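Notes follow once the structure below has been shown.
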Amino acid sequence: MLPESTAEDLILQQQSVAVGSRQNISRQTGCGFFIILSSVIAAISGLLVGYELGIISGALLQLHTLLELTCQQQEIVVSALLIGALFASLVGGFLIDHYGRRLTIIVASCLLVCANLLLIAIASYECLIAGRIVIGISISLSAIATCVYIAEIAPHHKRGMLVSLNELMIVVGILLAYIFNYVFATVANGWQYMFGLIIPLAALQAIAMYFLPPSPRFLIMKGKDETAGEVLQKLRATSQTNEELTTIRSSIKAEYQYNFWDLFCSRDNMRARLLIGLALSFFVQITGQPNILFYASTVLKSVGYESNEAASLASTGIGVVKVISTIPATLFVDRVGSKTFLCIGSSVMAVSLVTMGIITLNIDANFKSICKASPNLNHSLEDPFPYQPLTIAKNNESLWTEFQQLSSTSTSLLNDSRNWTKLGYLTTLSSSNLYEGPDITQPDVPIFMKWLYLASLLSYVAAFSIGLGPMAWLVQSEIFPAGIKGRAFAITSSMNWGMNLLISLTFLTLTG
């Protein structure tokens, strides 16, 4: 039998162990406020990316009339952003690994501000392309840097949720873009408001990121172990970070045995990891997501949503569905797993695309004029150019004389074929002089077909938002070693933006 004092000591020890276990469990299941704040500020980059991807859908409806853009020019305007993004993805990995994730995000936000100011200041086709290229560089750099930054500051058990937060912010940005597309669809110079409203948010993010610390892993990579320890203590809200610092040092030491060319070798399955990243980026784009982002309003007009305003409003529904669908993926990815979400999302996307294809084959879709619209539609009365005086080939007296000749007697009008020719001439005169645009007829689509098409489109968007949308980037943030993660992301991002460019640059031409 144990002495009384010994028994009391054992009880106290057990109690202290239990308290310590509860504290450890609390730390493992919780997520510090500073981590959440840092992740949200960094994820604003996602909102900027989504906004810039979605806003062109509505801006094109006004710009192609104002600047008299052809079908090919519209494709180039959309693709200019992707050209810049593709270029940035090729060099972005080096910048992120050399200068740091935080500084890259700051520079990207500043570039976004400058580019949108250029778009607002000068309304020309050339400046539109130049500004969109700079925006593409900005969002490509920020997309890579944000995923890596959040993954490196997040605790392991919450990494999936916090990295997926970036995708949630992307779809929020797309929703905001679609809302503004609708709000400014009939406002004079509404495209300037569309481009300008994102400038203050980008500037605020650049300022806020300046006050956030670099990631502990990046600091250790640069030999700043003491600073890394201080940052980690602030992020974890505890001084007990020695074990995690040791783990980071060990992983970096092991990872620095890799170089860039190892990504293409079989060593430690690095080639297989790269192929997984490339395949995910390929399927994100080839499944048609760029067409929804850039041409949603245009496509919806072709299947019976007759005005810019109606098409923009329907596009806003797409943005709402994207946000709602991304939330469960963000919250439950650490429990359900990314592979499950990928399989479910891809299956539903396939069914939705087949349904939309069948509907399109069975309706009189007006795809021949998908790039064209009457310049007088959906403009505010404040816009001068739809109401400018027009020059008619004949004066009032000659027109009145011909009209009297045609209407002299109803009998001769009906029986004399020559008068029918004159009447046809006057009809042609009025249409060709009052509006010199293309002959456009809206498709006669049954109501239930319109709604079935829209429902299929929304199902496709929802499936993408729980599957390929967030999970592709989450998987890539976890499979590459930190020492070459930036360069690995550069390769997979090049595939992402390259496929996006190819699809966006050919969509209107192929559809027409």
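Please read all numbers here as calculations on a predicted model, not as lab measurements.
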Donor-acceptor pair, side chain of R102 and main chain of L212, under 3.5 angstrom: yes

Minimal non-hydrogen separation, I144 against S89, with atom names: CD1-CA, 4.3 Å

Over 12 non-hydrogen atoms of neighbours within 6.0 angstrom of OH in Y210: no

Sub-4.5 Å side-chain heavy-atom contact between I56 and R132: yes

Pairwise distance CG(L119) to CE(M194) - rounded to 0.5 angstrom: 13.0 Å

Spatial distance of atom CD (Q73) from atom CD1 (I129) [nearest 0.5 Å]: 7.5 Å

Donor-acceptor contact below 3.5 Å, side chain S140 vs main chain I137: no

Distance in Å, I199 CD1 paired with S109 OG, rounded so as to fall on 0.5 Å steps: 12.5 Å

T104 side, atom OG1; H98 side, atom NE2 - distance, nearest 0.5 Å: 10.5 Å

Non-neighbouring partners of Y193 that pass ring-ring contact (aromatic ring centres under 6.0 Å, His included), sequence neighbours left out: F184

Side-chain donor or acceptor of S138 paired with backbone N/O of V134 under 3.5 Å: no

Polar contact flag, side-chain donor to acceptor under 3.5 angstrom, S352-S456: no

Shortest non-hydrogen contact from L53 toward L81: CD2-CD2, 3.9 Å

Donor on one side chain, acceptor on other, T146 and S45, under 3.5 Å: yes

Separation between CG of L165 and CG of L474, rounded to the nearest 0.5 Å: 12.0 Å

Side chain proximity check, V461 to S465, heavy atoms < 4.5 angstrom: yes

Short side-chain to backbone donor-acceptor contact, S124 and C127, under 3.5 Å: yes

Where I96 and A145 come nearest, the two heavy atoms and their spacing: CD1-N, 3.6 Å

4.5 Å side-chain heavy-atom contact, K222 and L219: no

R249 side chain near D225 side chain, heavy-atom distance below 4.5 Å: yes

Test item: T492 and L280 side chains (from C-beta on) under 4.5 Å apart, heavy atoms: no

Least distance between heavy atoms, G277 atom then Q476 atom: O-NE2, 3.6 Å

Residues E52 and N116: side-chain donor-acceptor under 3.5 angstrom: yes

Min side-chain heavy-atom separation Q192-N189 under 4.5 Å: yes

Plane angle bin for W191 and F195 - parallel if under 30°, tilted between 30 and 60°, otherwise perpendicular: perpendicular

Main-chain N/O of F218 paired to S215 side chain as donor or acceptor, under 3.5 Å: yes

Side chains of F283 and I286 in contact at under 4.5 Å (non-hydrogen atoms): yes

